[in-house]
> 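Handing you a structure now.
A, B, ... follow the sequence lines: proteins, then strands. Residue 1 opens every chain.
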2 protein chains.
Amino acid sequence: MAINYEWYKVFYWAAKTGSLSQAAKSLYLTQPSVSHAIKQLEESFGVALFYRTSKGVDLTPEGSVLYAYIEQSQILITLAEEKMAALKNLDSGELRIGGSDSLFKHYVLPYLEQFHERHPGVKLHLNHGTTPEVITFLKEGRIDLGVVRMPIVDPQLQITESFQLRDCFVAGARYAELKDQVLSLDALLQYPIILFSRNSRARMTITELFQSYGYSIKPEIEVGSVDLLIEFARRGLGISYVTREFVSRELEEGSLFEVRLDVSLPPSRVGILTMRNMPLSSAARAFIQLVR
Amino acid sequence: MAINYEWYKVFYWAAKTGSLSQAAKSLYLTQPSVSHAIKQLEESFGVALFYRTSKGVDLTPEGSVLYAYIEQSQILITLAEEKMAALKNLDSGELRIGGSDSLFKHYVLPYLEQFHERHPGVKLHLNHGTTPEVITFLKEGRIDLGVVRMPIVDPQLQITESFQLRDCFVAGARYAELKDQVLSLDALLQYPIILFSRNSRARMTITELFQSYGYSIKPEIEVGSVDLLIEFARRGLGISYVTREFVSRELEEGSLFEVRLDVSLPPSRVGILTMRNMPLSSAARAFIQLVR
DNA sequence: CAGGAGATATAGAACGTTTCTATGGCCATC
DNA sequence: GATGGCCATAGAAACGTTCTATATCTCCTG
């Protein structure tokens, strides 16, 4: 006869309490059910597991041997169930996010702080990379979600659009004369331009914009981080193309000002990427909920 | 929803094989059954356990956590089942027997040898004691079976009668003149008698026999072991009252001879005692089978 | 690009097994 | 001798697993 693992649960409680009636209570069953389950277990092994006494039941030597194993097994299952509950309640687990450094710093960080405050048991892993790298991480299962600039077109990905970002050109005190002007693209190109290095979405966007107007934008300086973009502009090395939301502090304190143009720069959104058709972890679900 | 421990078995195999179809084969189920079980487990936890891919299934991070526990648990259960099979097949386990030293030496030993040869994995424990002690051991669960002289009357005990023993008086060369005689009880009492110490069944039996004929038997010497009983008789210190089966070697080689009497001494049987209403271990069952 | 192979998901019916109630027997205790 | 607690048994009912049949998706192949 095949053994039903449920019987082990019954056996465990019967042995632990020394009473079929008690076991029945613990398991919210009736005593005959427990009696029946034990009987089937005994028949399966062809060995008696309990001595029936007037006070309850005692393990036979064979029953004791079985109990030694089953007790451990049941304890592990109990631990597993507690652990799963902890995972679901976000008392443990982990959240792995991919994205660019600048998005992390300016956009994800406040949410992460909030998330961590609410769920201190969840470990956070941040993997920075370019948008294609983030998508690869996602497809390889190395991260739970990616935070990148829109637009992204990929049928495998589930995209949740979030915050809107507007890019703009900014300059420092050195070009103070531009403060009150509205420049044409043509006029802007007379100044030294600082752009983010090639493989970024912002760079592609602005290049395409100039092309669509028949111009070609060629940066004087290329840098690899948003921080340098800002720093170079402040020091007057040129006019930087940045995301306005990332320089809000500098704009407020006046160390940078926006160079207005006579064309509008297309806004873009931050998208949260997850794998379509792949279940999300509780932590990832909770984080997306928070961001939305 | 309450978790059915059978689902863990399904989960284990699904995770182990990385395929619901494979798990179904291993468990002799159909694929939809496995799919259903996993689904219920996931619903119980409120967490996805597997990523479904075109090639099969992969554990989610949460599923991996669960698997770490469940794998151990299932391995323990497998070990338990193997151990129980070994116990039943008498590849392991133990057999605890209580009885008197003399019965062990002359009666139980050959059977034990045979048993041990057949089931070398079964550990043997011998506890010697008087008949009342053996019965106490039995009732306390310290031994599986007792080997004692009949008769025993105890409603709690299950008694299997076995070999017949006949007691007799034996003497050594010193009393060679008795070899061809048939003595009356009266005549026997003229000789020095050697008896086993008080609290033995044999002693009680012979005392009662003499009393029933109106005599009183008073030993010259009392000893505490059958070996001494034999040794003293051989050295001519008196006539010993022994179990004939225990001195068969001495009778054959002629170092002792039986002193015949004109009354017949009542035979007694060896009884194998077990607890009534208590299941026997496989080893005990096998041993009793062997002895009968 | 169409089609096949193989994977999982879903729906609904059938089957089997657990679970229950009711009862009896046993033992210890009062 | 009565009472209460314990386990075993019997039979019925309800529940849940398991099945067959089918759908959907992906990957691989001709």
Side-chain angles (χ1 to χ4, degrees), chain A residues 1-44 48-60 63 139 141 154-158 275-279, chain B residues 1-44 48-60 63 139 141 154-158 275-279:
Chain A
M1 189 196 292
I3 289 176
N4 185 318
Y5 280 20
E6 282 289 287
W7 300 343
Y8 287 132
K9 181 158 57 183
V10 176
F11 168 76
Y12 172 66
W13 282 97
K16 190 175 169 179
T17 62
S19 154
L20 302 195
S21 311
Q22 273 307 111
K25 276 182 193 159
S26 303
L27 295 164
Y28 301 100
L29 292 175
T30 56
Q31 171 265 319
S33 284
V34 172
S35 185
H36 190 217
I38 297 296
K39 181 171 191 154
Q40 285 181 99
L41 201 54
E42 288 180 323
E43 282 174 6
S44 300
L49 299 171
F50 290 105
Y51 298 122
R52 274 70 167 177
T53 75
S54 62
K55 288 204 268 289
V57 292
D58 284 324
L59 286 168
T60 62
K139 292 187 178 173
D154 190 318
Q156 283 188 64
L157 300 182
Q158 172 73 255
M275 290 298 287
R276 190 185 297 281
N277 298 331
M278 285 263 188
Chain B
M1 188 198 293
I3 290 176
N4 185 319
Y5 280 20
E6 282 289 287
W7 300 343
Y8 287 132
K9 180 159 57 183
V10 177
F11 169 76
Y12 172 66
W13 283 97
K16 191 175 169 179
T17 61
S19 153
L20 302 196
S21 311
Q22 273 308 110
K25 277 182 193 158
S26 302
L27 294 164
Y28 301 100
L29 293 175
T30 57
Q31 171 266 319
S33 284
V34 172
S35 185
H36 190 220
I38 297 297
K39 180 170 192 157
Q40 286 182 99
L41 201 53
E42 288 179 323
E43 281 175 5
S44 301
L49 299 171
F50 291 104
Y51 298 122
R52 275 69 167 176
T53 74
S54 63
K55 288 204 269 288
V57 292
D58 284 324
L59 286 168
T60 62
K139 292 185 178 175
D154 190 319
Q156 284 187 65
L157 301 181
Q158 171 75 256
M275 290 299 286
R276 191 186 296 279
N277 298 332
M278 286 264 190

> Distance-only, no hydrogens or angles: does the A/S35 side chain make a donor-acceptor pair with backbone N or O of A/Q31 under 3.5 Å?
no
> I need the B/L20 CG to B/L29 CG distance, nearest 0.5 Å.
11.5 Å
> Round to the nearest Å and state the distance from A/L49 atom CG to D/dC7 atom P.
15 Å
> Salt bridge (charged side-chain N to carboxylate O under 4.0 Å, His left out): which pairs involve residues 3-20 of chain A, sequence neighbours left out?
A/E6-A/K9
> Is the side chain of A/T17 donor-acceptor paired with the backbone N or O of A/Q22 at a distance under 3.5 Å, no angle test?
no
> Nearest 0.5 angstrom please: A/H36 NE2 to A/L41 CG, how far?
12.0 Å
> Can you check whether B/I38 reaches B/R52 side chain to side chain, under 4.5 Å on heavy atoms?
yes
> Any chance the rings of B/Y8 and B/Y5 have centres within less than 6.0 Å?
yes
> Please encode protein proximity along nucleotides 19-30 of chain D as a string of B, S and -, counting only heavy-atom distances under 4.0 Å.
BBB----SS---
> Starting at CD of B/E42, measure out to CH2 of B/W7 and round the result to the nearest 0.5 Å.
11.5 Å
> At under 4.0 Å between heavy atoms, what does A/Q40 touch on the DNA or RNA strands: base, sugar-phosphate, or nothing?
sugar-phosphate
> Nearest-Å distance, CD1 (B/I3) to P (D/dT17)?
12 Å
> Which residue lies toward the 5' end of DNA chain C, B/Q22 or A/A37, if each is placed at its nearest nucleotide?
B/Q22
> Hey, where on DNA chain C does chain A first and last touch, going 5' to 3'? Cut-off is any atom under 4.0 Å from a heavy atom.
C/dT18 to C/dA28
